[in-house]
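Here's the structure, in structure tokens; my notes come after.
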2 protein chains.
Amino acid sequence: MKDRLVEIAVQEFGRHGFDAVGTRAIAEAAGSAMSAITYHFGGKQGLYLAVAEHIASSMRDKLHPTLATIPDPVNCSPREAEDWCVHLVQVFAAVMLRPESEAWSLFIVREQQQPTDAFKIILEKGMAAIVEPFMALVSVARPELSEEAARLTALFVLGQALMLRTGRATMLHILQTTEITPRLVELIELRLEDNVRRILQRPDVQP
Amino acid sequence: MKDRLVEIAVQEFGRHGFDAVGTRAIAEAAGSAMSAITYHFGGKQGLYLAVAEHIASSMRDKLHPTLATIPDPVNCSPREAEDWCVHLVQVFAAVMLRPESEAWSLFIVREQQQPTDAFKIILEKGMAAIVEPFMALVSVARPELSEEAARLTALFVLGQALMLRTGRATMLHILQTTEITPRLVELIELRLEDNVRRILQRPDVQP
DNA sequence: GTCTATACTACGATAGAC
DNA sequence: GTCTATCGTAGTATAGAC
């Protein structure tokens, strides 16, 4: 029952936020009484933190197969680092586009705006796994950048893919569509690859 | 009093979201009784929509001086269009960085995730004013792109600056700082300009 | 046009039965 | 380990006083 409550809570908290959902609704959806939450998690806040832990470990599980294939950045040529960055951004974009990840990403985006204790959990246990290798690769691809500039560049590159969630409503309106078709996904991947390659190529090797 | 209620509500709804703030708290902060909200706006929902209208018109006011200086995109050379895009992105980024705009941007970001009627108002009355000229400029700078590809590219370019809000907590953590110093702002502007120029230069004119 | 009174509903937490 | 019952608090909405 404990696990079932967390599963439901991921969806509810993710989609609607902490304040918008009641413990009674979660408990009912899980087929249990509200006081089960008090028993297992000590209260609403405790359940919320359990959701953060769940999301962080899910993130790791989902991204692990991809991250395991990345070679050590110090052994990469700038061109290889660029290729891996393109790949990582596309994997990240795919996560942003997948409907199953909606609850996760909304949870995380909400926490970015008003970080609670839950954000620390997500950041340290989940997010670091993708952001840190990515920054190392950017540094290799653009060795002329300072450490700080490389970090900012990495954030901006990832920001493009993040917008697939954070700007979703505007994107759909501007593209005059209501759903993400496979054709659109292809176009998105193409544009992202073009942008990422342009950003990561060193000035002296641009064609 | 009506205006005062809206001003307070912009801050409260922006920072904490619809469900997290109560009408009593807003009314008290405005130095009024809760029922004034019922009277003026018909209820909490009505006040929320009034906030959306307020934000949309504030956006237009804030961006109008900049937007008025943009020449008609059809009279621009690709290089001029690129320059204007850089400028627009930096203005947009400045808005994202300015603390005063925190409540606005959080309101909008939250609406992107779970659009309500308020989003329609913001989109049509506020957002279109900046996004549409920007897309036109991108089309001029990259004439080889299809209409759809240009729109996506414009969104991704703006997504980088959007991340200054949506990824704020992660950014600060990665840069190991807690505040946006003037030096950091300068570095951000520099990186954004570099990225935008790289994305918008046509393949045949890259140095 | 604005505020006070009050009614009604729902929340989270807790204690105690099973 | 799970549920029922209940408490105190806080939310919106309404009616009516000023």
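Residue numbers start from 1 in every chain, and the chains themselves are labelled A, B, ... in the order their sequence lines are given, proteins ahead of strands.
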Heavy atoms only, 4.0 Å cut-off, all strands: where does B:A36 land among base, sugar-phosphate and nothing?
sugar-phosphate
Once you round it to whole Å, what is the distance between P of D:dA13 and CZ of B:F41?
14 Å
Looking across every strand, which nucleic acid part, if any, lies under 4.0 Å from B:V21 by heavy atom: base, sugar-phosphate, or nothing?
nothing
Short side-chain N/O contact from B:T38 to OP1 or OP2 of D:dA13, under 4.0 Å:
no
Are B:H40 and C:dG1 close enough that a side-chain N or O sits under 4.0 Å from OP1 or OP2?
no
Check whether any side-chain N or O of A:Y39 sits under 4.0 Å from OP1 or OP2 of D:dT2, and answer yes or no.
no
For the side chain of B:S32, starting at C-beta, report the closest nucleotide among C:dG12, C:dC3, D:dC3.
C:dC3
Pairing check on C:dA5: which nucleotide meets the Watson-Crick or G-U wobble criteria with it, both distances under 3.5 Å?
none
Keeping B:S139 on the side-chain end and B:A150 on the backbone end, is there a donor-acceptor pair under 3.5 Å?
no
Could you tell me whether A:K120 and A:D117 have a side-chain N and a carboxylate O separated by less than 4.0 Å?
no
Residue B:M34, side-chain heavy atoms: nucleotide from D:dA13, D:dT4, C:dC11 that is nearest
D:dA13
Taking a pair as Watson-Crick or G-U wobble with both distances under 3.5 Å, which nucleotide is matched to D:dT14?
none
Syn/anti state of D:dA10 by chi, 90° boundary around 0
anti
Test for a donor-acceptor pair under 3.5 Å between the base of C:dT4 and the side chain of B:S35, counting only N and O atoms.
yes
What do the steps show when you test A:F13 against A:F107 for ring-ring contact (aromatic ring centres under 6.0 Å, His included), and what is the final call?
CA-CA 7 Å; A:F13 283 140; A:F107 186 99; 7.3 Å; no
Could you check whether B:D19 pairs with B:K44 (Lys NZ or Arg NE/NH1/NH2 to Asp/Glu carboxylate O, under 4.0 Å)?
no
